Amino acid sequence: MRFLGVRTIQLASLAGFSWGGSKLDEVPSTVKSRTCPIQIQRPEQVKDDVLLSRKIINHLDRSNLKLRLYQYETCPFCCKVRAFLDYYGFSYELVEVNPVTRSQIKFSTQYKKVPIIRSGETTLTESSLIISQLATFLQRPDQTLDQVIQMYPGVDSTNEKGKPVVNHPNKFFIMKGKMEGETNMAAAREEREWREWVDNWFIHLISPNVYRNWNESIETFRWFEQVGDWHRAFPAWERVLAVYVGAAAMFLLSKSLKKKHNIDDEREELRKACRDWVAAIGPNRKFLGGDQPNLADISLYGAMNSFYGCSAFKEVILEEKIVEWWRRMDSVVKNHEGRKTLEARTPIVQKQ
């Protein structure tokens, strides 16, 4: 029984933020018919001893990065990274990590969280840092990915529990390598501030809203079982354990998170966050980035998609003005409308 308890704790802590139980078709889709040369494959066979959940192929992606994303399908941090990759049209492979054994990320001896991205022997971790590094890679055709990573040095520190951690003070910065005008600098500062808001506030509202009561907690884990392809990766007893014991653990954890972040009415706080975002965009912009989304738009859209199937999404997002922005984002991300930036980037030829 002690062995099962350890696994249960891992499931509850790693499944963290999940989708709920409302039907996806209740949300009208605004996605245009796809005209871009991007394919989605769902391999049924194991490749290199790793079961691929799916494979996204852009035949015009010449970056040669060969990205592989290790994730939980409904983790908001993973959803942020996927939204970025999809908007810019990267080719990449997806691996769903087993929250019990985490055997898929055994190569990462120190870092055991998701998302993790591998590009050959290069490993990227932490969602906002991953996004900034890849965004800088797009902006700097004169730099390889490894050279870009060197622009984001880590600083040893300790977290609130006194454990050693590595922080990256510039993780929200895009290293464009040239001086910008005052208007561009103000836009970059606004983008950074709202990306931090997504990480430091909005995402903390998800768990209390998704696991608000016992019924919603069960619905959430049942949905997680479905969209996470657990039937492919985990035996039946682990799925049952994850759904019921995980739901109980997360229900209790959500209460402690409410207290930690001083959240009284979780639904009202979520509504207020949505209204704050709409107010920041204002009446004259489609996105925070203007006519096209910036990284703050992409980050919030990804985080929101982590509870797309939840009652909270239906009761709040669909009833607030933010839904208009969300539908615009849903269209541009799923149609990979930022892909020209990636497709125009010629890979650097490495000297042998």
Side-chain angles (χ1 to χ4, degrees), residues 24 26-36 38 58 60 76 79-90 127-128 131-132 134-136 138-139 172-174 176 180-203 205-206 270-308 312-345:
L24 293 179
E26 291 177 349
V27 183
S29 176
T30 58
V31 181
K32 305 171 186 176
S33 58
R34 292 183 176 85
T35 57
C36 50
I38 293 180
N58 179 358
L60 297 181
C79 290
K80 284 168 49 185
V81 173
R82 285 205 316 272
F84 174 86
L85 295 176
D86 289 338
Y87 176 73
Y88 284 105
F90 282 90
S127 63
S128 290
I131 289 172
S132 291
L134 290 177
T136 296
L138 291 176
Q139 295 286 333
F172 292 105
F173 284 76
I174 309 305
K176 296 184 177 180
E180 296 185 298
E182 187 174 339
T183 301
N184 290 337
M185 290 178 64
R189 182 168 57 252
E190 180 184 48
E191 178 185 63
R192 290 195 301 271
E193 289 173 352
W194 283 98
R195 287 179 68 195
E196 291 187 52
W197 175 83
V198 172
D199 281 11
N200 298 332
W201 178 238
F202 188 87
I203 284 180
L205 295 174
I206 298 175
L270 185 58
R271 292 187 184 96
K272 183 179 182 300
C274 292
R275 292 165 188 168
D276 289 344
W277 176 258
V278 171
I281 294 176
N284 300 319
R285 292 191 288 185
K286 293 181 179 178
F287 307 99
L288 191 73
D291 289 335
Q292 299 296 326
N294 63 16
L295 298 182
D297 287 291
I298 292 172
S299 294
L300 181 58
Y301 168 78
M304 288 172 65
N305 274 5
S306 72
F307 64 104
Y308 178 87
F313 194 97
K314 181 179 179 180
E315 294 175 15
V316 178
I317 306 305
L318 296 185
E319 298 299 325
E320 292 287 332
K321 290 183 178 180
I322 198 171
V323 72
E324 300 171 7
W325 165 87
W326 181 86
R327 285 173 175 147
R328 288 194 292 270
M329 283 299 304
D330 197 51
S331 177
V332 298
V333 171
K334 290 181 178 177
N335 282 287
H336 317 282
E337 291 193 11
R339 65 186 184 277
K340 291 183 180 178
T341 302
L342 172 68
E343 293 167 0
R345 193 189 192 286

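These figures come from a predicted structure and were not determined experimentally.
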> Determine the minimum heavy-atom distance between Ala296 and Val198, stating which atoms define it.
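Result for this residue pair: O-CG2, 4.4 Å.
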> Do Leu138 and Phe90 pass the side-chain contact (heavy atoms from CB on, under 4.5 Å) test, and can you show the C-alpha distance, the side-chain angles, and the key distance before you say yes or no?
CA-CA 11 Å; Leu138 291 176; Phe90 282 90; 3.9 Å; yes
> Can you check whether Glu319 reaches Glu315 side chain to side chain, under 4.5 Å on heavy atoms?
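No; the side chains remain at least 4.5 Å from each other.
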> I want to check something: taking the side chain as every heavy atom from C-beta on, are Leu318 and Trp326 in contact at a cut-off of under 4.5 Å?
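When only atoms from C-beta onward are counted, Trp326 and Leu318 do not touch, as no gap falls below 4.5 Å.
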> The test is side-chain contact (heavy atoms from CB on, under 4.5 Å); show your working for Glu196 and Ser128 and say whether it passes.
CA-CA 9 Å; Glu196 291 187 52; Ser128 290; over 6 Å; no
> Determine whether Val278 and Glu324 satisfy the following criterion, side-chain contact (heavy atoms from CB on, under 4.5 Å), listing intermediate values before the conclusion.
CA-CA 10 Å; Val278 171; Glu324 300 171 7; over 6 Å; no
> Just by distance, do the side chain of Ser306 and the backbone of Ala303 share a donor-acceptor pair under 3.5 Å?
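Pair found, side chain donor or acceptor close to backbone of Ala303.
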> Is there a donor-acceptor pair under 3.5 Å between the side chain of Asn294 and the backbone N or O of Asp297?
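Looks like yes, one N/O pair under 3.5 Å.
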> Locate the shortest heavy-atom distance separating Ile38 from Gly89; write the atom from each residue and the value.
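The pair with the smallest heavy-atom distance is CD1-CA, 4.0 Å.
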> Is Trp325 close to Trp277 at the side-chain level, that is, under 4.5 Å between some pair of heavy atoms?
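Trp277 reaches Trp325 side chain to side chain.
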> With a 4.5 Å limit on heavy-atom distance, are the side chains of Ile317 and Phe307 in contact?
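Side-chain contact under 4.5 Å: yes.
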> Working to the nearest 0.5 angstrom, can you tell me the gap between Ile281 CD1 and Leu288 CG?
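Output value for this atom pair is 6.0 Å.
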> Between Asp291 and Lys286, what is the shortest heavy-atom contact and its length?
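Nearest pair, atom of Asp291 first, then Lys286: O-CD, 4.3 Å.
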> Side-chain contact test, heavy atoms from C-beta onward, threshold under 4.5 Å: evaluate it for Tyr301 versus Asp330 and give yes or no.
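In short, these two side chains touch, coming nearer than 4.5 Å.
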> Evaluate side-chain contact (heavy atoms from CB on, under 4.5 Å) for Val81 paired with Leu134, printing each intermediate quantity in order.
CA-CA 10 Å; Val81 173; Leu134 290 177; 5.7 Å; no
> I'd like to check Ser132 versus Phe173 (side-chain heavy atoms, cut-off strictly below 4.5 Å). Are they in contact?
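No, too far: nothing below the 4.5 Å cut-off.
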> Check Thr341, Asn335, Leu295, Val333 against Tyr87 for a side-chain contact (heavy atoms from CB on, under 4.5 Å) and give me the one that passes.
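Going through Thr341, Asn335, Leu295, Val333 one by one, the side-chain contact (heavy atoms from CB on, under 4.5 Å) with Tyr87 is satisfied by Val333 alone.
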> Provide the closest heavy-atom pair for Asp199 versus Lys80 in the form atom of the first, atom of the second, distance.
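Closest approach of Asp199 to Lys80, heavy atoms only: OD1-NZ, 2.6 Å.
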> Would you check, one step at a time, whether the test salt bridge (Lys or Arg N to Asp or Glu O under 4.0 Å) holds for Arg285 with Glu190?
CA-CA 14 Å; Arg285 292 191 288 185; Glu190 180 184 48; 3.1 Å; yes
> Would you name the heavy atoms of Val332 and Pro293 that are closest together and state the gap between them?
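Closest approach of Val332 to Pro293, heavy atoms only: CG2-CG, 4.1 Å.
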> Is the shortest side-chain heavy-atom distance between Arg339 and Leu60 below 4.5 Å?
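Arg339 does not reach Leu60 side chain to side chain.
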> Which distance, rounded to the nearest 0.5 Å, do you find between the CZ of Arg275 and the CG of Leu270?
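Output value for this atom pair is 10.0 Å.
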> Give, for atom CZ of Arg271 and atom CD1 of Ile322, the distance between the pair rounded to the nearest 0.5 Å.
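Interatomic distance, Arg271 CZ to Ile322 CD1, rounded to 0.5 Å: 13.0 Å.
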> Are there more than 12 heavy atoms of other residues, nucleotides or ligands under 6.0 Å from atom CG of Asn200?
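Count over threshold, so yes.
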> List the atom of Leu205, the atom of Ala273, and the distance in Å for their closest heavy-atom pair.
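Of all heavy-atom pairs spanning Leu205 and Ala273, the closest is CD1-CB, 3.8 Å.
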> Any chance you could lay out the salt bridge (Lys or Arg N to Asp or Glu O under 4.0 Å) test for Asp276 and Lys272, step after step, and finish with the verdict?
CA-CA 6 Å; Asp276 289 344; Lys272 183 179 182 300; 3.2 Å; yes
> Just so I know, are the side chains of Met304 and Cys79 near enough to count as touching, which here means a heavy-atom distance under 4.5 Å?
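A side-chain contact under 4.5 Å is absent here.
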> Between His336 (side chain only) and Tyr88 (backbone N and O only), is there a donor and an acceptor less than 3.5 Å apart?
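No; zero donor-acceptor contacts below 3.5 Å.
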> To the closest 0.5 Å, what do you measure between CD (Gln139) and CZ (Arg345)?
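With rounding to 0.5 Å, CD (Gln139) is 10.5 Å from CZ (Arg345).
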